[in-house]
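What follows is a single structure, written as structure tokens, with notes after it.
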2 protein chains.
Amino acid sequence: MKTADPELMRAINRFHVLDTIRRHGPIARVEICERTELSATTVSAITASLIDDGLVAPQHIGDLRNGGRGRPRVMLTLNPDAACIVGVKISPYRMHLVVTDFQGDVLSELGLPVRLDREPLIVLSYLIEDGVRSCVTKAGLTIEAITSLSVALPGVVEYGTGCVRASALIAEPDAQLAEAMVARLGIPTIVESDANAVAQAEYWFGEARALEDFVLVSLENSIGLAVMHEGQLFRGALGLSPNLGDLIVSGPDRAAPVRLATIAEQEAIIAGSEDVESLRESARSGEAAQEIVKRIEGGDEGLILSATRAGKSLGLALANIVTMLAPPRIFLVGSSLALGDHLLNDLIATLADATPEPLAGVSEIVVSMPGDAAWARGAAALALRELYGAPWSTTGPARHAYKNGIQGENHGR
Amino acid sequence: MKTADPELMRAINRFHVLDTIRRHGPIARVEICERTELSATTVSAITASLIDDGLVAPQHIGDLRNGGRGRPRVMLTLNPDAACIVGVKISPYRMHLVVTDFQGDVLSELGLPVRLDREPLIVLSYLIEDGVRSCVTKAGLTIEAITSLSVALPGVVEYGTGCVRASALIAEPDAQLAEAMVARLGIPTIVESDANAVAQAEYWFGEARALEDFVLVSLENSIGLAVMHEGQLFRGALGLSPNLGDLIVSGPDRAAPVRLATIAEQEAIIAGSEDVESLRESARSGEAAQEIVKRIEGGDEGLILSATRAGKSLGLALANIVTMLAPPRIFLVGSSLALGDHLLNDLIATLADATPEPLAGVSEIVVSMPGDAAWARGAAALALRELYGAPWSTTGPARHAYKNGIQGENHGR
DNA sequence: TTATTTTTATACCGATCACGGATTAATTTC
DNA sequence: GAAATTAATCCGTGATCGGTATAAAAATAA
């Protein structure tokens, strides 16, 4: 535990003010006082310091007239130019990149078709480098202007070290992705699971705004899990992110354990179809879900069966999450949601059936469908969170072992 | 979020010092400086205030001579008389009580045979009252001397409100146990799941000392779960504690979901035996596990099968915990462990088999067998933790809604 | 017995920080 | 142009921490 000295106090309040400015757009100092419950003096001092450090800028133009007389408020915003982040979201058939400014506003966006199926790390890192350079150029910037890179991908990731322990996209286990990207681009790099990235996006920009505790389940080609606890992502030992696809959904009587991924991943659903090959083809163009819906409505019995099975399995998994974590809200996101009721009906029904009665009604299920860019933006947000320098260490046993690309420390001033 | 002012700073350091004194027995001020990394000045001021408040006392007797010359250190300890707590652990066949002082040292201990099978709240609260009065008398005290009461029992409990949503011991759902105890004894009361209580015991007194992150699975007549995260128990919405017995361990193909409890609870194991009735009889005297072992070694095929099944199911459940939370360590506790290898062999083997490869070796399994008193002491420790007044709100969405028996607030001074 | 040494605990000083009240600044309204 | 109003800052106070110096207490040595 840290000892509490004036420095920490200042760091906490500073972060609090910075976070308030981030969340509540252009905001006047008085309003910061109200929201943070800090004194006007303190806010004035801290904002002065933030402006001095170039993180915050007064907004002269477009002064909102606050109703009437009196000295007009000077609105403050994050200084967009304080940093540039590249966020990347990778899935088997697409790579999506955004360049954001210090506010998390998107400067440029790029979606690239790829086809990643257990590729060597060197291939993946090459593709990322390529995408990053393109997207940065598209934003009218150069690589030197980029402060951090943040990559989100499905699988089991060590946040601290940037090591991808396992992913459907990478051939080798324990791939040192962050290290590889630092070597290629010379930019400090964060690697995180796609579920955690999109959870951060929902928390900062999306439907989970101001919701400190929730769970998110991502239903893509892989199935991921994110647990937000008191505004911080829950991470396991070594900063490991969870991977819901590895959850076991078979009973003890089966000889071999059956994992959720083998039932509920998009590929698993497709495999039930009467025309697997052509569905796989549409998957490559990222339109598997729509195509599946069409087939189901066309009467593909196999598909109906596998979708049902997937929905039920997911319902059971969610029930177990409710049993173990009892989150106030559970978000469902990801491309598989395009299946709509064909997946959700069974999911909701099974969940309702399988939730222990005492926990009925505790966890509200919310379906959210952020676009690809939101995921990438969430990745960028993870990097921004580091830059804002929260005084509380990142949650979980693995302390912020920030990637040593250029700077080693990012504390305080 | 709280604003950081000098008061908070003081509270943090004060708690830090108090916690250091608690953990490291009689300890000199200098050593507190080293451990907390606070300056001698600060430690001196804080300890003076703690002594002034009667929470800490200098220990004149038995001064440890620290090697040689120089001014001898004055050892400080928690003032045992600062508070008296009653901790209760309830299981279907036993009620165990301890009275502890402010240090958590046991002043008196009492084990009572009971037989609780979905009893009305009024019966349970009567039995608790009776036990508490006996145990307090045994300690040579009166009820008036008791600061708080803390009850641990299996089931789904709302920590904040002291409401037992469901438990095998209580007939009605949503039993307001804390309220009932306050009405009976007039003592502020905490109610918590038995798993959380024993986790707190392991954290403060047992094998998990100084281990900030771990998961604990309690294998008793019920199966419980506790997640310790950064030294705080993880609680869900409304302060709900998890109940692992409600976990579903069947696949999506089963018509009705099968819960872990129906396979791995002691009662479920017993049900497999060729001589159920006499085993139930031994269970009543709390010696089911030993008896089961005897029968298994005597060749009770049904029992062997059900024990195996239980072990496998638990292994799967643990694998799923590893998948979702990746804790550095998992503690197994509870009376079912007396089954020894008859349960553990299958459990460990299944766990090893079912753990996703990328997570192999992340979570270390530790078997611990604290006695009944330790559970009750853990309950008392939960109450003590509240009294120490940690400046960080209790973890989870439910903020410290401390039971309003006598005092309403327990902050700071 | 007395002086020295060694270690512990506290007192004093200067630093930073948050806060409250007074002050200055920038508008609108009369 | 003066008054009113609201926003932001300046100044003094009280609190904390840290560092250094000092007082206290005991063992050791003369």
Side-chain angles (χ1 to χ4, degrees), chain A residues 1-17 20-21 26-52 56-76 391 411-413, chain B residues 1-17 21 26-52 56-76 391 412-413:
Chain A
M1 188 176 18
K2 255 182 282 208
T3 85
D5 47 18
E7 200 178 326
L8 175 70
M9 194 161 80
R10 187 43 174 284
I12 291 175
N13 287 337
R14 196 181 148 101
F15 176 80
H16 200 173
V17 168
T20 304
I21 296 174
I27 182 173
R29 290 176 177 82
V30 234
E31 205 181 332
I32 299 177
C33 297
E34 289 165 15
R35 291 193 182 275
T36 61
E37 299 186 358
L38 288 162
S39 74
T41 308
T42 307
V43 169
S44 195
I46 290 176
T47 51
S49 147
L50 290 171
I51 291 170
D52 194 53
V56 163
Q59 207 181 37
H60 298 290
I61 49 161
D63 268 2
L64 297 176
R65 291 269 30 82
N66 48 311
R69 50 209 180 181
R71 176 175 175 177
R73 351 185 114 181
V74 178
M75 302 309 244
L76 302 176
H411 290 257
R413 42 177 67 253
Chain B
M1 186 176 17
K2 254 181 283 205
T3 85
D5 47 18
E7 198 178 329
L8 175 70
M9 193 162 79
R10 203 355 171 2
I12 291 176
N13 287 336
R14 199 181 144 97
F15 177 79
H16 200 173
V17 168
I21 296 174
I27 183 174
R29 291 176 176 81
V30 231
E31 205 183 330
I32 298 178
C33 297
E34 289 165 15
R35 292 195 182 275
T36 61
E37 297 186 359
L38 289 162
S39 75
T41 308
T42 308
V43 169
S44 196
I46 290 176
T47 51
S49 145
L50 290 171
I51 291 171
D52 195 51
V56 163
Q59 208 182 36
H60 297 292
I61 48 159
D63 271 358
L64 297 176
R65 291 269 31 81
N66 47 311
R69 50 206 181 184
R71 177 175 173 175
R73 347 183 120 181
V74 176
M75 303 308 246
L76 302 176
R413 41 176 69 250

[X] side chain, from C-beta outward: closest of [options]:
X: A:S44; options: C:dA18, D:dT9, D:dC17; result: D:dT9
X: A:M9; options: D:dC17, C:dT8, C:dC17; result: C:dC17
X: A:I46; options: C:dT16, C:dA18, D:dA8; result: C:dA18
X: A:A40; options: D:dT9, C:dA18, D:dC17; result: D:dT9

*Tell me, yes or no, whether the heavy-atom count around A:E7 atom CD, taken from other residues, nucleotides or ligands under 6.0 Å, exceeds 12.*
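No, not enclosed.
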Any chance you could measure [X], atom [atom1], to [Y], atom [atom2], to the nearest 0.5 Å?
X: A:M75; Y: A:E31; atom1: CE; atom2: CD; answer: 6.5 Å
X: A:N13; Y: A:T20; atom1: CG; atom2: OG1; answer: 10.0 Å
X: B:S49; Y: B:R10; atom1: OG; atom2: CZ; answer: 5.0 Å
X: B:L50; Y: B:L76; atom1: CG; atom2: CG; answer: 9.0 Å

Does the side chain of [X] get closer than 4.0 angstrom to OP1 or OP2 of [N] through an N or O atom?
X: B:R10; N: D:dT16; result: yes
X: A:R29; N: D:dT9; result: yes
X: B:N13; N: D:dC17; result: yes

Round to a whole Å and report the spacing from [atom1] of [X] to [atom2] of [N].
X: B:E31; N: C:dA9; atom1: CD; atom2: C1'; value: 16 Å
X: A:E34; N: D:dA8; atom1: CD; atom2: C1'; value: 14 Å
X: B:R14; N: D:dT16; atom1: CZ; atom2: C1'; value: 14 Å
X: A:L76; N: D:dT9; atom1: CG; atom2: P; value: 9 Å
X: B:L8; N: C:dC19; atom1: CG; atom2: P; value: 11 Å
X: B:M75; N: C:dT8; atom1: CE; atom2: C1'; value: 12 Å
X: A:E37; N: C:dC19; atom1: CD; atom2: C1'; value: 14 Å

_If we check side chain to side chain contact (heavy atoms under 4.5 Å, CB included) with B:V56, which of these qualifies: B:T47, B:V17, B:I46, B:I21?_
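Of the listed options, the one satisfying the test is B:I21.
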*When we call it a touch if two heavy atoms are under 4.0 Å apart, what does A:A45 touch: a base, just sugar-phosphate, or nothing?*
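No contact.
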*Taking for each residue the nucleotide of DNA chain D bearing the nearest heavy atom, is the 5' side occupied by A:D5 or by A:A28?*
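Nearest-nucleotide comparison on DNA chain D picks A:A28.
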*So which one's nearest nucleotide on DNA chain D is more toward 5', A:V43 or B:T42?*
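Of the two residues, A:V43 wins.
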*Please report the closest heavy-atom contact between A:M9 and B:P6, naming both atoms and the distance.*
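Scanning both residues, the minimum pair turns out to be SD-N, 3.6 Å.
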Please write out each protein N/O paired with an N/O of nucleotides 20-25 of chain C under 3.5 Å, distance rounded to 0.1 Å.
{"residue": "C:dG20", "atom": "O6", "partner": "A:T41", "partner atom": "OG1", "Å": "2.8"}

